[in-house]
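Let me begin by presenting the structure, written as structure tokens, before commenting on it.
Indexing begins at 1, ligand by ligand and atom by atom, following the structure's order.
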Amino acid sequence: MTAILHPEALAMNAHLHPFTDPRTAEATPPREIVSGDGIRVTDSEGNVFIDAVAGLWCASLGFAPERLARAATAQMEKLAYYHSFKGRTTDVTARLSEVLSARLPGALEHLAYGTGGSDAVELAVKLARYAQAARGHEGRVRIIARTGAYHGSGSMSAALTGLQYVHDGWHLPQPDVIRVGRPHWVDEARPGESERAFADRLVAELEETILAEGPETIAAMIGEPVQGAGGVLIPPEGYWAGVQEVLKRHGILLIADEVITGFGRTGRWFGCETYGIEPDFMTLAKQLTGAVFPLSAVAMTGAVREDIADRAHGFGLLGHGLTYGGHPVGAAVALETLAIYEEMGLEARVAELGERLAAGLAPLRQHPHVREVRHVGFVAAVQFDTPETGAEVAARAEARGVFFRHIGTTLAVCPPYVATPEDVDEICAVMVAAAG
Ligand SMILES: Cc1ncc(COP(=O)(O)O)c(C=O)c1O
């Protein structure tokens, strides 16, 4: 085959970029980021930007964290690769399991590893079905997911995602996905409906859907404690308590997708602690390694682990594994990341930075084109009245040297934890100035 593009154009377009219009990329090449320093990145033309979303809500310790580089290097020099299949593992993966297990909330205590959030979601779904079958419920295979959810770009994980642009053209969503409403009060509440009444209605609708679809066909529900890529949707009071009560009553397992919320983002170590969620499974990635190495985990309770172990024993093994799952370099980086979180006093630091962020964005509540300013922990969103306003504000902020994540009408803010209070003030000042 001969290349259909001119060699120069081919060089520019050799990479098919994710979540990008390829035709736009041909005309406007993506900005190349060449270096990082704390919360700042520099592009190939020497422009410096604050990345106020920590990349993809993940680079919690900044864009060139020295200690993580040293941890990775030391592990690479000692044992750069080994796996955890068939009677082997690595010392550092075993150590991470011990340390992370001790940090997990509630009844979560066992871990299975992958390489990213999408594969963690795929595995959590497989394990939920496996555990249901082990309990004699072979017919429980379907999964409840919400509109506005982002659960990844795999096959099932993309199907569970409740965003149209992730489904278009891919033969998704799958029939095994049952869709329910998202807890987005400003956009979805009925006129005059209080936040509490809205939460109660969503919970009642969830139960109606379960009864209509047949509880005996449903393995699990998946949900992000706070929906991230769907616009930083903070659930109203009573929502998660109501959801959990309904799921328990119908024998449906709960997967908390903490790929963004895990490791401090909502104020507690885990979003489940912030909202009193007691899941059967939890997916973790991103801030597990400060995004410096691709590593993910599915945490599970002792109870489901026992069911899974029994069933796998019946087959002779757990028929699942990824070459790089629980990679020793990732495990070493994760251990160092967790040590840094402990040393910084993660929850206190998030509280301090989060309050500063909330105070800095508060003036926007009076802005004529702002519908809502919301925050929890150290993540926030400013929702404008139209997507066009959102896009314009994001572009003006970028011109002023700050990247926000533009999601329809909303601009998301999710800075690295290594931001100083002054950095947070600068981020807020740019948002306010860009809003005009
Ligand atoms: C809540 C959630 N789950 C899953 C994923 C998918 O993770 P990854 O991109 O590492 O596959 C993401 C990514 O943003 C996410 O936000």
Over 12 foreign heavy atoms within 6.0 Å of CD, Glu278: no
Can you find a side-chain donor-acceptor pair between Asp280 and Thr301 that sits under 3.5 Å? no
Just by distance, with hydrogens left out, do Gln227 and His184 show a side-chain donor and acceptor under 3.5 Å apart? no
Between the protein and ligand 1, which nitrogen or oxygen pairs come in under 3.5 Å, and how far apart is each?
from     : atom 1 : to     : atom 2 : distance (Å)
ligand 1 : 3 (N)  : Tyr150 : O      : 3.4
ligand 1 : 3 (N)  : Asp257 : OD1    : 3.2
ligand 1 : 3 (N)  : Asp257 : OD2    : 2.7
ligand 1 : 7 (O)  : Gly117 : N      : 3.4
ligand 1 : 7 (O)  : Ser118 : N      : 3.4
ligand 1 : 10 (O) : Gly117 : N      : 2.8
ligand 1 : 11 (O) : Gly117 : N      : 3.4
ligand 1 : 11 (O) : Ser118 : N      : 2.7
ligand 1 : 11 (O) : Ser118 : OG     : 2.6
ligand 1 : 14 (O) : Lys286 : NZ     : 2.9

Is Glu32 atom CD crowded by more than 12 heavy atoms from other residues, nucleotides or ligands, each under 6.0 Å away? no
For residues 47-68, which residue pairs pass the ring pair (Phe, Tyr, Trp, His ring centres under 6.0 Å) check, not counting sequence neighbours? Phe49-Phe403
Within a reach of under 6.0 Å around CG of Asp43, are more than 12 heavy atoms found that belong to other residues, nucleotides or ligands? yes
